[in-house]
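Here is the structure we will look at, set down as structure tokens.
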Amino acid sequence: MNLNATLIGELIAFVVFVWFCMKFVWPPLNGAIEARQKKIEDGLAASDKAEKDLELAREKAAEELKEAKTQASEIIEQAKKRATLIVDEETTRGQQEREKIIAQGHSEIESERNRVKEELRQQVATLAVVGAEKILEREIDQAAHSDIVEKLVAEL
Amino acid sequence: MAAEEVTLSSHIQHHLTNAKMCSTDAGLAFNKACADSGFWTWHIDTLAWSIGLGLIFLWIFRSAAKKSTTGVPGKFQCFIEMVVELVGDNVRDTYHGNSKLIAPLALTIFVWVFLMNLMDLVPVDFLPAFAGFVGEQAFGMDPHDVYMKIVPTTDVNMTAALALGVFILMIGYSIRIKGLGGFIGELTLHPFSSKNKLVMVILIPCNLLLETIALVAKPFSLALRLFGNLYAGEMIFILIGAIGLMQLPLHFVWAVFHIMVIVLQAFVFMMLTIVYLSMASTKSH
């Protein structure tokens, strides 16, 4: 139990061990721990940032999608309007065309009728003249009596 | 009965005796021949076991340090780093100065003292009996004259050496940080002080006495706390080992309890070292 030279030996051993630990053990271990801590810290920060970026991108995408939807519905609305407009226009045009055609037809019929009437009148006149000729049994001067015939025709 | 008692006490005595070595006029001498060699006696078992364990500590930690990566650590590296971080955290929390020495010092103390204390869990008779056998067979010695104390921290020389190292560092840090004047001032101008010069001169010896006692008490308490705890623990292991079959459950219980003592004493020694050095390097007064 007495203190003796062992004390000196142990003291030297202690100093050597601490020196060795200070030079070759502590710095690499502590350095590795600190470097890893830094790495993990950076990694966590990066992942946080990426998460935030992702959130932003998601928001942006949603916004853009919404905008696109609005735009699309606007375009569809416009197209519908346009279609209605075109249909209306075409209908009006068709109507006009129809009316025009009908009017044309009417006038054509009218002129045809007039022509036929004229022709008929001519024929009736001729017929009347022929009839009169037959009745009279003599040659009637056509030119001299044309005014009578004309009158007759006009009365028909 | 009387004879048996003598054997028991000599058995215990045998367990509590270090293997000694000294140089005499006739050359190197061992054990009983060294009975009156005075200070220049070496406890070769304490020296061998403590230095061996210290080398194991350095080898383990050095091999972890060499393989350490900043990437994903292996299990071995994780374990070593856990110890390093435990020590490092305590140093950072307690020691606020800037020193490259404190943390490795604390790590060395913690692990080395822990390993030395751990030898206490080796059943008390194994290694001494083995040493006696080897001594008898190889060197023709009387096995009762072969001593082997395998727990270096039960040798007061060991704990005193650690405490002395810490004490030298305490004084060194005090002088380095506060200057020689500051260190002497701390010893003499405190706790009693007076504005009156004459009164102050009278107070200085009182202060010096008190502060010196306070200063010297630190290494003493460090050395004796560790020594006392481990010596008592070892003593109880020896006593339990001497009571026959009943020792098995008792030994187990005491060993389990002792695990706590082993770690706790290593931790306390480390913590107090940090605290003392932190006190030595702060200008508080």
Side-chain angles (χ1 to χ4, degrees), chain A residues 1-70, chain B residues 16-18 20-22 34 37-44 46-47 50-51 54-55 57-58 60-62 64-73 77 80-81 83-85 87-88 100-101 103-105 107-109 111-112 152 155-162 164-166 168-169 227 231:
Chain A
M1 274 253 298
N2 296 331
L3 286 176
N4 56 33
T6 314
L7 177 73
I8 296 167
E10 296 292 4
L11 191 58
I12 293 166
F14 182 42
V15 169
V16 171
F17 289 160
V18 170
W19 171 81
F20 186 88
C21 186
M22 191 170 88
K23 274 270 173 292
F24 302 110
V25 173
W26 185 267
L29 281 173
N30 202 45
I33 292 171
E34 273 167 8
R36 190 173 322 109
Q37 274 173 341
K38 179 91 183 36
K39 225 174 175 181
I40 291 170
E41 207 172 276
D42 289 353
L44 284 178
S47 96
D48 271 357
K49 197 176 162 287
E51 215 164 280
K52 221 171 270 170
D53 283 356
L54 182 67
E55 194 58 40
L56 275 179
R58 214 174 260 160
E59 257 168 45
K60 208 174 163 195
E63 215 161 90
E64 232 143 73
L65 195 67
K66 214 165 115 188
E67 208 169 292
K69 265 186 189 160
T70 325
Chain B
L16 294 178
T17 309
N18 284 103
K20 296 192 190 74
M21 183 181 86
C22 58
C34 291
S37 59
F39 181 78
W40 290 103
T41 312
W42 305 86
H43 286 168
I44 47 177
T46 302
L47 282 166
S50 64
I51 292 170
L55 290 178
F57 150 63
L58 289 178
I60 290 174
F61 277 69
R62 176 66 191 154
K66 266 196 282 193
K67 277 183 279 183
S68 68
T69 67
T70 55
V72 180
Q77 198 191 337
I80 297 297
E81 282 181 2
V83 178
V84 169
E85 275 200 289
V87 174
K100 284 191 164 58
L101 172 68
L105 172 77
L107 178 71
T108 307
I109 287 176
V111 183
W112 194 23
D155 183 348
V156 78
N157 287 298
M158 179 70 234
T159 60
L162 290 173
L164 188 62
V166 173
I168 292 166
L169 281 176
F227 166 70
Y231 190 81

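Here is how names work: the chains are called A, B, and so on, in the same order as the sequence lines, proteins then strands, and each is numbered from 1. Keep in mind it's a predicted model, so treat the numbers as computed, not measured.
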Look up atom NE2 in B:H43 and atom CG in A:L7, then write down how far apart they are to the nearest 0.5 Å.
11.0 Å

Verify, without hydrogens or angle tests, whether A:N30 (side chain) and B:V84 (backbone) share a donor-acceptor contact under 3.5 angstrom.
no

So do B:P104 and A:K23 actually touch side chain to side chain, heavy atoms under 4.5 Å?
no

Does the plane of the ring in A:F14 sit parallel, tilted or perpendicular to the ring in B:W112? Use 30° and 60° as the thresholds.
parallel

If we define contacts as heavy-atom pairs under 4.5 Å, which of B:P73, B:G165, B:A160 has the most with chain A?
B:P73

Heavy-atom pairs under 4.5 Å with chain A - which of B:M21, B:K66, B:R62 has more of them than the others?
B:R62

Let me know if B:L101 has heavy atoms under 4.5 Å from chain A in its side chain, its backbone, both or neither.
both

Quick check for you: to the nearest 0.5 Å, what is the distance between B:L47 atom CG and A:T6 atom OG1?
5.0 Å

Max heavy-atom pairs within cutoff under 4.5 Å with chain A, candidates B:G88, B:A103, B:A64, B:P152, goes to B:A103

If I take atom CG from residue A:L11 and atom CE from residue B:M158, how far apart are they, to the nearest 0.5 angstrom?
9.5 Å

Residues in residues 40-59 of chain A that sit under 4.5 Å from chain B, counting heavy atoms only
none

Are any of the side-chain heavy atoms of B:F39 and A:I8 separated by less than 4.5 Å?
yes

With chain A, the option among B:A65, B:S50, B:S68 that has the most non-hydrogen atom pairs under 4.5 Å is B:A65

Which residue pairs pass the ring pair (Phe, Tyr, Trp, His ring centres under 6.0 Å) test when at least one of the two sits in residues 21-40 of chain A, sequence neighbours left out?
A:W19-A:F24, A:F20-A:F24

Can you tell me how far CD of A:E10 sits from CG of B:L162, rounded to the nearest 0.5 angstrom?
7.5 Å

Using a cut-off of under 4.5 Å on heavy-atom pairs, state which of B:T108, B:T69, B:T41 scores highest against chain A.
B:T41

Contacts of type ring pair (Phe, Tyr, Trp, His ring centres under 6.0 Å), residue B:F57, not counting sequence neighbours
B:F61

According to the salt bridge (Lys or Arg N to Asp or Glu O under 4.0 Å) rule, which pairs have a member within residues 27-36 of chain A, sequence neighbours left out?
A:R36-B:E81

Which atom pair, heavy atoms only, marks the closest approach of A:A32 to B:T70?
O-CG2, 4.1 Å

Region of A:V15 that comes under 4.5 Å of a non-hydrogen atom in chain B:
neither

Quick check: closest heavy atoms across A:L3 and B:N157, and the distance to 0.1 Å?
CA-OD1, 3.2 Å

Which pair of non-hydrogen atoms, one from A:A13 and one from B:I51, has the smallest distance, and what is that distance?
CB-CG1, 3.9 Å

Check each atom of B:L55 against the heavy atoms of chain A and say whether the ones under 4.5 Å are side chain, backbone, both or neither.
both

Checking heavy atoms, do the side chain of B:L169, its backbone, both or neither come under 4.5 Å from chain A?
neither

